[in-house]
Amino acid sequence: MLDTMTATKIVGGFCGTLLIFLLGGWAAEEIYHRGDHGHGDHHEQAYTIDTGEEEAGEAEEVVEVAFADVFAMADPGEGEKLWRGCQSCHALETGKNGTGPYLVGIVGRTKGAVDGFAYSAAFEGSSEVWSPENLNGFLENPREYAPGTKMSYNGMRDIEDRANLIAWLETQGG
C-alpha cells in the first residue's frame, strides 16, 4: 500500500523531472535559436553570397529531352543490367512464354504477335509495331499507354534507363 508520504515523493519526483526538462528546453532554445524573440533584437544579414541556387520563389525550368536523342546515346550494357528486373516475367528464348510473352525480337515485332500467349484486349489484333518510341511509352507507364493491359509493372520513370533497356533488347533480335 502506498501511504501519503510515498505518493507525495512519487508526484514530486515527476514534477521535478518535468521541471528539469522544461528548463533544459528553454536553455537550449536560448543558446541555439537565432532570430527575433520579440525583444527588438533584430539580426540583419550584411551581405548575400550567390551560391548559384535559385531563389525559393523562382520556378525551376524543366527541360524535356526527346526520346530519340536519349536513345541515340543509349548504352546496351546498362540495359542488360536492367533486364534482370524483367526476367521474372519474360524470357529471351523464342517460344518460351512466362507471365509475360518472350521478348526475343520485340523491337520491330507487331504488338500482340507472340503465338501461344494470351494477350489482354489492349493488344489483341493490333497492327502496330513495337518501335523504340512505342516501347518507351509502354515502359514508362504500361497502364496509361495500354489501358486494360495485364502487365502489373508500375513503370520505369527514368528515360535513360528505358532507352538503355530498349537498346539492349534491340540487340536481342530473333
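Taken from CE in Met151 to SG in Cys89, the straight-line distance is 7.5 Å, to the nearest 0.5 Å. To the nearest 0.5 Å, atoms NZ (Lys111) and OG (Ser131) are separated by 7.0 Å.
With sequence neighbours excluded, the residues that form a side-chain contact (heavy atoms from CB on, under 4.5 Å) with Glu160 are Val70, Asp158. Take Lys9 and apply the salt bridge (charged side-chain N to carboxylate O under 4.0 Å, His left out) test, not counting sequence neighbours, and it matches no residue. Applying the ring-ring contact (aromatic ring centres under 6.0 Å, His included) rule to Trp130 yields the partners Phe123, Phe138; only residues at least two apart in sequence or on another chain are considered. Take Asn136 and apply the side-chain contact (heavy atoms from CB on, under 4.5 Å) test, not counting sequence neighbours, and it matches Phe67, Ile159, Arg162, Ile166. Listed by chain and number, the residues in a ring-ring contact (aromatic ring centres under 6.0 Å, His included) with Tyr119 are Phe117 (sequence neighbours excluded).
Here the closest heavy-atom approach between residue Pro101 and residue His90 is recorded as O-ND1, 2.8 Å. In plain terms, the two heavy atoms of Ala122 and Thr149 that are nearest each other are CB-N, 4.3 Å. Residues Pro142 and Gly155 share a closest heavy-atom pair of CD-CA, 3.8 Å. Closest non-hydrogen pair, Glu140 versus Arg157, comes out as O-NH1, 2.6 Å.
Within the 4.5 Å cutoff, side-chain heavy atoms of Leu103 are placed close to those of Trp83. Considering only heavy atoms from C-beta on, Cys86 comes within 4.5 Å of Leu165 through its side chain. Proximity of Pro132 to Val107: side-chain heavy atoms (C-beta onward) are separated by under 4.5 Å at one or more points. You'll find the side chain of Val129 stays beyond 4.5 Å of the side chain of Asn134, heavy atoms only. Using a 4.5 Å heavy-atom threshold, the side chains of Tyr102 and Val114 count as touching.
Residues Met156 and Met73 are members of separate hydrophobic clusters, defined by side-chain heavy-atom contacts under 4.5 angstrom among Ile, Leu, Val, Met, Phe, Trp and Tyr. Leu135 and Val65 fall within a single hydrophobic cluster, where Ile, Leu, Val, Met, Phe, Trp and Tyr are joined by side-chain heavy atoms under 4.5 Å apart, directly or via other members.
In this model, a donor atom of one side chain and an acceptor atom of the other lie less than 3.5 Å apart for Arg143 and Asn154.
The salt bridge (Lys or Arg N to Asp or Glu O under 4.0 Å) analysis of residues 112-125, with sequence neighbours excluded, yields no pairs.
Side chain of Asn164 to backbone of Asp75: a donor-acceptor contact under 3.5 angstrom is found.
Within a 6.0 Å sphere centred on CD of Glu144, heavy atoms belonging to other residues, nucleotides or ligands number 12 at most.
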